> 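Structure below; questions to follow.
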Amino acid sequence: MTHHPTGPAPAVGPSIETVGWVGSARDGAVRLIDQTLLPVEFSRIDCRDVETVWEAIKMLRVRGAPAIGIAAAYGAVLGARGQGLGSVDAVVSSLRAAAAHLRTSRPTAVNLFWALDRMQRTAEAEATTAPGPEVLLDHLLDEARAIEQEDRAMCRAIGRFGAELLEPGHGILTHCNAGGLATSDYGTALAVIFSAVEQGKAVHVYADETRPLLQGARLTAWELQRRGIPVTLICDNMAPQVMKEGKIQAVVVGADRIAANGDTANKIGTYGVALAAKAHDIPFYVAAPSSTFDLSLPDGSSIPIEQRDPREITHGFGRQTAPEGVEVYNPAFDVTPSRMITAIITERGVIRPVTADAVADLIGT
Ligand SMILES: CSC[C@H]1O[C@H](OP(=O)(O)O)[C@H](O)[C@@H]1O
């Protein structure tokens, strides 16, 4: 991978492109912000092969369900180049092999699998009509770009629908990062906040730092600060206390996979936040695009939960904070039952109450 230390982040604009493509289909690369370096260093990396994209997803250089899906779609284009563009069949089989490898990077965010399925369907459908391998490769890049552009639109629609649920002066609790860095550029949970602020609704965000990888501290606080939105960083175990003190009027989180009944997998700790919100009668909102729903699962009991390296807990950011050899449990996600979710905010509208019928009506059967 090629790092592009680009110094300070670009000036605040409508968005920061989290992951994209630079160059032509034949010799281009996937360019993504290396989020493991934030907030101290803003640097992008160019990935020129599938393995580099796989590693970037695995190591959370690019992370967040929609951003992972976009990165995987572009990674499939890299893979389709395979060992040259000898024939249309070679391009299709190379893409299949790349998709199979990218599917092993992380198991929970359904957007990864949704995006790769879509790229494979495109390749197989175009294979029968494409005049040659180069044209097919161009069309595959067009499809990956469409996935990115559609996500941009979905994020803004989520923002518009969600902003209606927030009131000026509200304290909003967030968990992990569901901002522009977790998507194409504008976020899901943070899109709700960005849109409310753009509508003149001044809100104050309380951001859970979100152990062990601190996406809240490193990424959410950074995104909000650079937009001038008031943010207070708290440890995860402080969330119930700030609720008890009356500082929180709503919780907004993202999602990695939502089952047909609305059960939602999200960063570990989300379920605990939902329990605390319930106990304090605070609305608990999930913000997610339709690409994060997995209607093949009737409920959340079979959502695959990623188990990650124990060293993320015992040696977080390079400092040992636990005795050698201690037993560690490090699930990266948990599942919040739909009965604890006030509403799910999507680009198609708001699902409320959260029931299988309501999900089917808005998202599909
Ligand atoms: C808009 S999806 C954001 C979602 O993804 C995060 O997980 P990770 O940082 O491990 O990719 C977290 O669950 C966020 O809520």
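Atoms within each ligand, like the ligands themselves, are counted from 1 in listed order. Here the structure is a predicted model, which means the values were calculated and not measured. Note: hydrogens, waters and symmetry copies are ignored here, and every other heavy atom, side chains too, is used.
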> Under 4.0 Å from a heavy atom of Ala255: which atoms of ligand 1 are those, numbered in the order shown and with their elements?
2 (S)
> Can you confirm whether Gln225 is buried at CD, in the sense that more than 12 heavy atoms of other residues, nucleotides or ligands lie under 6.0 Å from that atom?
no
> Any heavy atom of Arg106 sitting closer than 4.0 Å to ligand 1?
yes
> What is the nearest protein non-hydrogen atom to atom 5 (O) of ligand 1, stated with its residue, atom name and distance?
Asp256 OD2, 3.0 Å
> For atom 12 (C) of ligand 1, which protein heavy atom lies nearest, and how many Å away is it?
Cys176 SG, 3.4 Å
> State which residue, out of Thr232, Val231, Leu224, Ile248, fulfils the side-chain contact (heavy atoms from CB on, under 4.5 Å) condition with His204.
Thr232
> List ligand 1 atoms under 4.0 Å from Pro66, heavy atoms only on the residue side.
1 (C), 2 (S)
> State, with a plain yes or no, whether a side-chain heavy atom of Thr220 is found less than 4.5 Å away from one of Glu223.
no
> Looking at Trp222, is Arg218 sitting on its ring face, NZ or CZ under 6.0 Å from the six-membered ring centre and within 45 degrees of the normal?
no
> Is Arg156 salt-bridged to Asp185, going by a charged N under 4.0 Å from an acidic O?
yes
> Under 3.5 Å, is there a donor on one side chain and an acceptor on the other for Ser301 and Asp299?
yes
> Should the pair Asp256-Arg63 be classified as a salt bridge under the 4.0 Å nitrogen-to-oxygen rule?
no
> Who's the nearest protein heavy-atom neighbour of atom 1 (C) of ligand 1, and how far?
Thr188 OG1, 3.4 Å
> Should you measure from each heavy atom of Ala65, which atoms of ligand 1 turn up under 4.0 Å away?
2 (S), 5 (O)
> Considering only NZ, NE, NH1 and NH2 on the basic side and carboxylate oxygens on the acidic side, decide whether Glu17 and Arg31 come within less than 4.0 Å.
no
> Closest non-hydrogen protein atom to atom 3 (C) of ligand 1, residue and atom name please, with distance?
Asn177 O, 3.5 Å
> Distance under 4.0 Å to a non-hydrogen atom of Gln215: what atoms of ligand 1 satisfy this?
8 (P), 9 (O), 10 (O)
> Starting from atom 15 (O) of ligand 1, what is the nearest protein heavy atom, named by residue and atom, and what distance separates them?
Asn266 OD1, 2.5 Å
> Could you find the nearest protein heavy atom to atom 11 (O) of ligand 1 and give me its residue, atom name and distance?
Gly64 N, 2.8 Å
